[in-house]
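In what follows, a structure is listed as structure tokens, so that the remarks can point back to it.
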Amino acid sequence: MPYKERDITKQYFTIGEVAEQFGVATSLIRFWETEFEELNPRKSKKGNRLFTQADVDIFRTIYHLVKERGYTIAGAREMLKQKGGQLKDKIDVIQSLEKVRGFLANLKKEIDAAQKAE
């Protein structure tokens, strides 16, 4: 039986890694943790926060509502309670469309550059 390389995925992310991924301060993550009961990372014996991928997805939803859509904390909390699962799906679609748009924009630049070179 041939050896198969497995994709290694991280089980837990530190608060610093999550903050870097979203470009926010760690204090914002700790604040939102107190404001949103859905955001509840595990804590190590030392008290360090350990975020699972599900926690990061919840944080992404909160980030989208508050930072990108302009909701207040109370408004975002209410939206999460009403449409939590639907929001995650919509945000995933938006992110995939943004990736496609970026790819197409880069492709257009390369085509334009190739045409100018001819």
Salt bridge (charged side-chain N to carboxylate O under 4.0 Å, His left out) between K81 and E38: does it pass, once the steps are laid out?
-> CA-CA 9 Å; K81 287 180 183 175; E38 296 86 0; over 6 Å; no

E78 side chain vs G75 backbone, donor-acceptor pair below 3.5 Å | no

Hey, could you give me the NZ/CG distance between K43 and N48, rounded to the nearest 0.5 Å?
-> 10.0 Å

If every non-hydrogen atom of A19 is compared with every non-hydrogen atom of A25, which pair is closest and at what distance?
-> CB-C, 4.3 Å

Can you measure from CG (D55) to CD1 (I15) and round to the nearest 0.5 angstrom?
-> 11.5 Å

Between the CZ atom in F51 and the CZ atom in R49, the distance rounded to the nearest 0.5 Å is 6.5 Å

Considering all heavy atoms of both residues, which atom of T52 and which atom of Y12 are nearest to each other, and what is their separation?
-> CG2-CE2, 3.6 Å

CZ of R30 to CD of E33: how many Å apart, nearest 0.5 Å?
-> 9.0 Å

Counterpart residues, side chain to side chain donor-acceptor pair (under 3.5 Å), relative to N106 (two or more places apart) | none

With ring centroids as reference points, do F59 and F22 lie under 6.0 angstrom apart?
-> yes

Of all heavy-atom pairs between T61 and L80, which one has the smallest distance, and what is that distance?
-> CG2-CD2, 3.6 Å

Can you tell me how far the NZ atom of K108 sits from the CG atom of L104, to the nearest 0.5 Å?
-> 11.0 Å

Side-chain heavy-atom pair S44, L50 within 4.5 angstrom cut-off = yes

Qualifying side chain to side chain donor-acceptor pair (under 3.5 Å) pairs with a residue from residues 67-77, counting only residues at least two apart or across chains | E35-R77, H64-E68

Between CG on residue L107 and CG on residue D112, distance to nearest 0.5 Å | 9.5 Å

Go through the steps to decide whether R60 and Q21 satisfy the test side-chain contact (heavy atoms from CB on, under 4.5 Å), and finish with yes or no.
-> CA-CA 10 Å; R60 179 180 297 116; Q21 183 178 354; 3.8 Å; yes

Applying the 4.5 Å side-chain criterion to the ILVMFWY set and letting contacts propagate, would I111 and V100 be lumped into a single cluster?
-> yes

